[in-house]
Amino acid sequence: MSYNIANLPPYEPQTIEAEAQAYWNENRSFEVDESSDRPKFYCLSMFPYPSGSLHVGHVRNYTIGDVISRYQRMLGKNVLQPIGWDAFGLPAENAAIAHQIPPAVWTDKNIAQMKQQLTSLGLGYDWSRELRTCDPDYYRWEQWLFLQLYKKGLAYRKEAIVNWDPIDQTVLANEQVVNGCGWRSGAPVERRAITQWFLKITAYADELLNDLDKLSGWPDQVRTMQRNWIGRSEGVSVLFALQDNPGEKIEVFTSRADTLFGVTYLAIAPEHPLAKQAASNNPALQAFIEETQHSSVSEAVRATTEKKGMATGLYAINPLSGRSVPVWVANYVLMSYGTGAVMAVPAHDTRDFEFATQYHLPIDWVIQPEATDTITTNTAFTEKGILVNSGDFSGLTSDNAIAQITEALDSTAQGKRCLQYRLRDWGISRQRYWGTPIPMIHCKDCGMVPVPEADLPVILPEAVDFQGIQSPLKQDLTFLQVTCPNCQQPAQRETDTFDTFMESSWYYARFASPDSHTRMLDDRADYWTPVDQYIGGIEHAVLHLLYARFLHKVLRDENLVSSDEPFTALLTQGMVLKDGSKMSKSKGNTVNPQALINQYGADTVRLFVMFAAPPEQSLEWSDAGVEGAYRFLKRVWQAVTTHVASLAHYPNWQTFLHQAHTEKQKALRYQLHHTIQKVTQDIGERKTFNTAIATIMELLNHWYKFTTETPQDYALSQEVLSAVVLMLSPIVPHITHALWLQLGHTNAIIDTPWPSVDSEALKQDALQWVIQINGKYRGRMTLPAQITEDEIKQAVLQEASLQQHIRNKTIRQWIFVPNKLINLVITP
RNA sequence: GCCGGGAUGGCGGAAUUGGUAGACGCGCCAGACUCAAAAUCUGGUAGUGGUGACACUGUGAGAGUUCGAUUCUCUCUUCCGGUACCA
């Protein structure tokens, strides 16, 4: 059959994408409420920081979310997919300094541009719920929540160490410290202790740890990272008394009490009070401590810098052995972790071993492997074993010794069984302008006084002159000067702002009731939360996702939500790379998605991003791959338009729908329903959109080889193409919107259910078996589906092509993998 | 340093529970159409040997378990993410 292809409508993405988007707008297709009787499905991609323009990572993130949302909608769910802006943050301040533009103005401009770009991608958002975290309507509730935490004693102040730029007189983020120096001034950074606000996330440590077991919809990888981050360890805190001043004790924590006889020195952090005390009459030590204060507070930097230490001249008494050991100051001990002091067991800890070797401190072996009595002395032995040289405890296993030593310390009040967490309380103060003001007032007489709830929000002034030296809030007297709510005397506002992770820790819940003006969240939040599917970058595996879990539990305890966890299922997407490395402006390897959308259309960009790699893996950008995606869409377009154009040749085709009679029809219909089955599993369960697309491509290749000659053939063609268009519709919603109508369907594809599998079509008369001999592939055999194992054996033994391998050999074993594979184990 | 993850043709990737390694796409090669080119269509494409059927080798490196390992275990190399003030 031939058609005049020149007369068929060409694929014009710009036209059909505008039409589809206009249809969704007019019908408010993505605006949802709670009145539906369908089950709810809340799908959320991590909201963007408005950095300026969309990058490919955004396109990937939001396309994945959109595909899942549209698929769930086709399954009959009441789907919420909202979007907003994580609008506070450091880049706005940097832009303000560089371009003399207020952070608020810069942010607004970026949001406008990125919103336009998101819209052009055809993402199915409920824009009526759009929020931005820099709006007082949003952050007032964050201030309110902070006040509730303060009332409960879960928000408190303490000293913490920051990077200080002595030239710019400003606190630096770790990212702003380059090779130990401030990125703008170039001055060596100093560590400085300042008083800051903290949230007591450690009060929820056990729940945050235990509830990870409930999160079966999360990747194991992320749960493991969070488990390790929380780092619960059981052990004992041991008190070492100072030799010259037994009233003063150094407290250390260990999970390896069995190694206590191997302690040969104590190490304390440079910021430890005892270090300062010892340095007061020791200029060399003073200089050493001073030197350690000139590096970033970042753990990655500290852990890779050379380990250095100096003796304090103090000695402490091991409470168990009575032995006197020196006390050292060491740069590898963190004041912010535990007590800021550790007992060092060089023989059984790698880091202590290196330090002891470097400074010629004693290394005493007290644990030996169970199997042997030999000890290698060129490396630390960190496993558990049998105790030696440990007084009455010698001969015990490590586990028994831990129990008995802990008991011995406990009974003499020289130690205490305790739990230790690696997790630290969440420091939420930032000495920055562009953030949520912390709703507190400093009063000379009353101390810290919370802003009364009736006075919220504390509004961040937006018209400011921003120089980047110190927060403009400190000069803004109308902001700064306030009357103490307690004593009515003049007082000052807190000028620190919140860590921006605060805003991103509860926005998902606010989307459910974005216009609630009397409460932080109303009942609608409990209808929509928890989020059924959350999607975002793997780089958020710990911090953001842990803080959000924490605040969700806080919201629960405020009776604002009833669930224990915010995100039922989590998909962590990989990075987008080009030429093997991360896209970045500095490398000059960025790709502008907008240019591609203009050139090929949104569907092509969406298809490429979903096809190039499974979502959890990193994605290698390829311009040629984009071209290939465009080519495929043109093929789909051509397939449908030529099919539709031939309609007149096959009257009454509808009589023959959903049937197959000839062999070629059965084969194509098998392929169709096999494809539906696989694509349903790939999109719905495995979330491997790349293999779903590949399978649809295969089906279309089969369709191209299928010649349409009868009304029956035409009916099957219609069934195949309708299913292809339906299965593609979550991924490429615009072209499928148009093709669905061309196929003669009268409803919009967005409101059409997902296709279902006809199990009748999957029945096969014969199956193909793989034949192996000694595990090696030796050919294939097609055998009837209904066949016994003995009949298979007979057929295999008679197969001519196998004779050269089995002649004169003894078959020792037959291995059957049902309907798939037969392996003959023969003597060689 | 520590925690987590990855490595498969020329390239992106597939192989879902230990069972045909390389689906699908890109690129390349050949052919068709064209005055020509582009676009499109058809066929081929891991390596080596062979006209061919086929044989051997092959999933970062090395060992192990198994009838059978890309998949499981151990050791190592290397790249990526996080490391608490980038988001």
Side-chain angles (χ1 to χ4, degrees), chain A residues 5 46 48-49 51 86 89-91 94 160 162-163 171-177 219-222 224-225 227-229 231 297-305 307 332 336 350-351 422-427 429-432 499-501 504 537-544 546-547 572 574-575 577 580-582 608 611-614 616-629 631-632 634-635 638 678 681-682 685-686 688 690-691 693-698 701 704 768 770-780 801 812-815 817 820-826:
Chain A
I5 290 173
M46 290 179 186
Y49 177 79
S51 54
D86 189 14
L90 198 51
N94 296 337
V162 295
N163 302 308
V171 174
L172 296 174
N174 283 332
E175 192 188 53
Q176 297 173 311
V177 180
D220 285 340
Q221 168 196 3
V222 175
T224 303
M225 279 191 266
R227 208 170 277 126
N228 293 339
W229 184 267
V297 299
S298 139
E299 195 195 325
V301 171
R302 296 190 61 169
T304 48
T305 47
K307 288 168 197 58
Y332 68 83
S336 51
T350 311
R351 195 172 57 177
R422 207 188 76 94
L423 180 69
R424 312 196 292 255
D425 276 340
W426 177 11
S429 295
R430 295 293 180 272
Q431 297 69 46
R432 303 196 196 293
D499 176 5
T500 57
F501 274 130
S504 54
I538 183 66
E539 67 273 18
H540 294 295
V542 177
L543 290 181
H544 161 61
L546 190 64
Y547 293 144
T572 49
M575 312 286 270
L577 312 174
S581 67
K582 187 180 174 178
F608 169 71
F611 180 59
E616 310 221 300
Q617 276 182 36
S618 59
L619 183 154
E620 183 69 32
W621 186 264
S622 154
D623 290 337
V626 177
E627 192 74 45
R631 199 175 301 157
F632 173 71
K634 281 192 288 188
R635 268 168 74 83
Q638 198 212 325
K678 177 158 168 58
Q681 196 188 31
D682 283 357
E685 290 157 43
R686 298 174 66 212
T688 52
N690 57 327
T691 53
I693 294 164
T695 311
I696 297 169
M697 286 173 168
E698 277 185 87
N701 290 343
Y704 263 98
Q768 207 167 57
V770 167
I771 312 297
Q772 290 186 341
I773 291 170
N774 287 345
K776 205 170 228 50
Y777 170 76
R778 293 294 177 192
R780 271 174 286 193
S801 65
R812 288 164 47 210
Q813 200 185 346
W814 289 80
I815 290 164
V817 180
K820 210 179 220 173
L821 177 141
I822 300 153
N823 185 20
L824 282 73
V825 184
I826 63 173

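Here is how names work: the chains are called A, B, and so on, in the same order as the sequence lines, proteins then strands, and each is numbered from 1.
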If you only use heavy atoms from C-beta on, which nucleotide in B:G4, B:G25, B:G13 is closest to the side chain of A:Thr224? B:G4
May I ask you to check whether A:Trp814 and A:Asn823 show a side-chain donor-acceptor distance below 3.5 Å? no
Can you tell me how far P in B:U83 sits from the matching atom in B:G22, rounded to whole Å? 41 Å
Does a side chain donor of either A:Arg635 or A:Asn701 reach within less than 3.5 Å of an acceptor in the other side chain? yes
Looking only at side-chain atoms of A:Tyr777, point me to the closest of B:A39, B:A21, B:C86. B:A21
When both distances are under 3.5 Å in a Watson-Crick or G-U wobble arrangement, the nucleotide paired with B:U59 is none
Which of the following nucleotides, B:G4, B:G19, B:U57, is nearest to the side chain of A:Gln221? B:G4
Side chains of A:Ser504 and A:Asp86 only: does a donor on one sit below 3.5 Å from an acceptor on the other? no
Could you check which nucleotide pairs with B:C41 in any of the strands shown, counting Watson-Crick or G-U wobble with both distances under 3.5 Å? B:G31
Rounded to whole Å, the CZ-C1' distance (A:Phe611 to B:C11) equals 13 Å
Take the angle between the ring planes of A:His540 and A:Phe501 and call it parallel below 30°, perpendicular above 60°, tilted in between. perpendicular
Has A:Arg812 got a side-chain atom pairing as donor or acceptor with A:Val825's backbone, closer than 3.5 angstrom? no
Inter-nucleotide P distance (B:U40, B:C56), Å rounded: 41 Å
Calculate the interatomic distance between A:Glu627 atom CD and B:U40 atom P; express it in whole Å. 8 Å
Over how many whole Å does the gap from A:Asn774 atom CG to B:U20 atom C1' extend? 16 Å
Could you check how far CD1 of A:Ile696 sits from C1' of B:A23, rounded to whole Å? 14 Å
Candidates B:U83, B:G81, B:G12 - which lies nearest the side chain of A:Ile538: B:G81
Across all strands shown, which nucleotide pairs with B:G64 by Watson-Crick or G-U wobble geometry, both distances under 3.5 Å? B:C72
Nearest to the A:Ala613 side chain among B:C86, B:A87, B:G13, which nucleotide is it? B:G13
Can you check the A:Arg780 CZ to B:G19 C1' distance for me, whole Å? 14 Å
Would you mind reading off the distance between A:Glu299 atom CD and B:G4 atom C1', rounded to a whole angstrom? 14 Å
Check whether any side-chain nitrogen or oxygen of A:Arg351 sits under 4.0 Å from OP1 or OP2 of B:C2, and answer yes or no. no
Both distances below 3.5 Å, Watson-Crick or wobble geometry, any strand: find the nucleotide opposite B:A15. none
Sort out the partner of B:C2 for me: Watson-Crick or G-U wobble, both distances under 3.5 Å, none otherwise. B:G82
Could you tell me how far apart A:Gln617 (CD) and B:U70 (C1') are, to the nearest whole angstrom? 13 Å
Check the distance between B:C86's P and A:Arg432's CZ and give it to me in whole angstrom. 8 Å
Short side-chain N/O contact from A:Arg430 to OP1 or OP2 of B:C85, under 4.0 Å: yes
So which nucleotide does B:A21 pair with, by the Watson-Crick or G-U wobble rule with both distances under 3.5 Å? none
